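Presented below is the structure to which this report refers.
This structure is a prediction, so every number in the text was calculated from the model and none was measured. Residue numbers run from 1 in the order of the sequence given.
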Amino acid sequence: MTESLTEGLDELARELDKDHVFHSWSAQSQLSTLTVASGRGTRVWDHAGREYLDFSSQLVNVNIGHQHPAVVQAIREQAELLTTIAPSTVNLARGEAAKRIVARAPSGFHKVFFTNGGADANENAIRMARLHTGRDKILSTYRSYHGNTGAAVVATGDWRRVPNEFARAHVHFFGPYLYRSEFWASSPEEESERALRHLRRVIEAEGPSSIAAVLLETIPGTAGVLVPPPGYLAGVRELCDRHGIMLILDEVMCGFGRSGRWFAFDGYDVRPDLITFAKGVNSGYVPVGGVVISDPIAATFDDRVFPGGLTYSGHPLAMASIVATVDAMASEGIVEHAREIGAESIGPALEDLAERHEVIGEVRGEGVFWAVELVTDRKTREPLPAAAMGRIKSALVGRGLLPFVMDNRIHVVPPCVVTAEEVADAMAIYDEVLSTALEGEG
């Protein structure tokens, strides 16, 4: 295909998109014109062959990389065998997918409820906790994102909750974030202690017997890759146990290799009652999510109808993609690689960038899950304004790197299969952009 024809396909795609596609979380007149036609590993291309290094993993979900051949083949084989079946039917692919997921969960988890994605995973986990406890309230943090369905978006703490507050019985509190501490803390230990004291007081003020669950992202992702300080998650677990409150850990973004572990909570002294997942479980190749259910909660519905369901729960194509993804991640050591590349390449390289660029206020993260917080002044920690962040994002894309930019942060979130050479390439681009895109600022 000639260059003019392929350029024409990019233009056609943009025209069709502008005329007919309604985009999420966007003013429709202010949309990106970036076109993606194909991908492989950590890279994507438009129709004309322009290449981009994907350090966003799209929406932090393409953990195994684009177009992994084993996963593509599994979807193809399942499509030839059976494309869809009702969720009430027994299906081997569904059972195999659930078996692999519970094998990665703590002891005492044997059942999985499959959903279409992370939002309805959190939606149904909330429902399960309420029905199991007979209580109503859900506590979650202000710095969080749990999805765009009725209860999940109200459990969300960021601005997207505000125009959508139609669900009842949601209470928010502040979680730990030492760099911008709500608690005047000066160390991780102090931040943990004071954040737990704050949560204890919220529980007491709301009435413990009215609270069904505390819902937390193990590592808040969109809110800033906020790695929990020592003792915090264990302390939340203790507060929940003290009052008969369920603990739901949202692993939608941070699970299945993103943190360098199968589940992010494996790195902390905590055991949840419900685990929600999506994204990395099959790298988003087919829409899917789910809830891993602890045995006591699952037993609640042995003789009681669970009042929830989805037409595509446990969809065969999604199930086949989960089986292939989990098997490939295990056999190829992808989770271990994510941990090592974070510790040996990404983390040190970002710290080096921070030493050379005053605009970087803090670097934090683990595995392939990092955030670079940009500020106008390191002493005041004033966030870099939106206009400057927009110039940085445009400059990164212009140099062939797809970034994940949120507020005043660049989230460095490549696929788990990223190589040290690709990390070095990305860091060179970050370095150049931070050296040039802000010229004339201040």
Pairing donors with acceptors under 3.5 angstrom, does anything connect the side chains of [X] and [Y]?
X: S181; Y: E191; answer: yes
X: T300; Y: H132; answer: yes
X: R168; Y: H170; answer: no
X: T325; Y: N282; answer: no
X: S56; Y: D54; answer: yes

Could you go through the side-chain contact (heavy atoms from CB on, under 4.5 Å) check for V417 and I334 one step at a time? CA-CA 6 Å; V417 296; I334 289 173; 3.9 Å; yes
Is [X] salt-bridged to [Y], cutoff N-O under 4.0 Å?
X: E351; Y: R364; value: no
X: E123; Y: R127; value: no
X: R143; Y: D158; value: no

Picking from R261, R339, R258, what satisfies salt bridge (charged side-chain N to carboxylate O under 4.0 Å, His left out) with E366?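 With E366 as partner, salt bridge (charged side-chain N to carboxylate O under 4.0 Å, His left out) holds for just one option, R261.
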Would you say that [X] contacts [Y] through its side chain, given a criterion of any heavy-atom pair below 4.5 Å between the two side chains?
X: V236; Y: L216; value: yes
X: E189; Y: P230; value: yes
X: R160; Y: T222; value: yes

Hey, does the side chain of [X] reach the backbone of [Y] with a donor-acceptor pair shorter than 3.5 angstrom?
X: S144; Y: S140; answer: no
X: E332; Y: M329; answer: no
X: R135; Y: I211; answer: yes
X: R43; Y: E51; answer: no
X: N408; Y: L374; answer: yes
X: T115; Y: G290; answer: yes

Please evaluate residues F183 and F174 with respect to the criterion ring-ring contact (aromatic ring centres under 6.0 Å, His included), reporting the C-alpha separation (whole Å), side-chain torsions for both, the decisive distance (0.1 Å), and the verdict. CA-CA 9 Å; F183 312 110; F174 286 104; 7.1 Å; no
If you look at every heavy atom in [X] and [Y], which pair is closest and at what distance?
X: G150; Y: A167; value: O-CB, 3.5 Å
X: L178; Y: P188; value: CD2-N, 3.6 Å
X: A121; Y: V291; value: O-CG2, 3.2 Å

Please table the atom pairs, donor to acceptor, closer than 3.5 Å between any side-chain atom in residues 77-85 and protein atoms at least two apart or in another chain.
from, atom 1, to, atom 2, distance (Å)
E77, OE2, Q73, NE2, 2.7
Q78, NE2, L82, O, 2.9
T84, OG1, H315, NE2, 3.4

Looking at [Y], is [X] sitting on its ring face, NZ or CZ under 6.0 Å from the six-membered ring centre and within 45 degrees of the normal?
X: R104; Y: F263; result: no
X: R271; Y: F265; result: no
X: R194; Y: W184; result: no

Is the CG atom of D269 crowded by more than 12 outside heavy atoms at less than 6.0 Å?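 12 or below, so no.
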In Å and rounded to the nearest 0.5 Å, what is the CH2 to OH distance from W45 to Y52?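 Those atoms lie 12.5 Å apart.
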Can the ring centroids of F113 and F306 be said to lie less than 6.0 angstrom from one another?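 That pair passes the under 6.0 Å test.
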H110 vs I293, side-chain contact (heavy atoms from CB on, under 4.5 Å): CA-CA, chis, key distance, verdict: CA-CA 7 Å; H110 291 92; I293 311 165; over 6 Å; no
As a quick check of understanding, evaluate ring-ring contact (aromatic ring centres under 6.0 Å, His included) for F114 and Y312, giving each step before the final call. CA-CA 9 Å; F114 287 108; Y312 304 116; over 10 Å; no
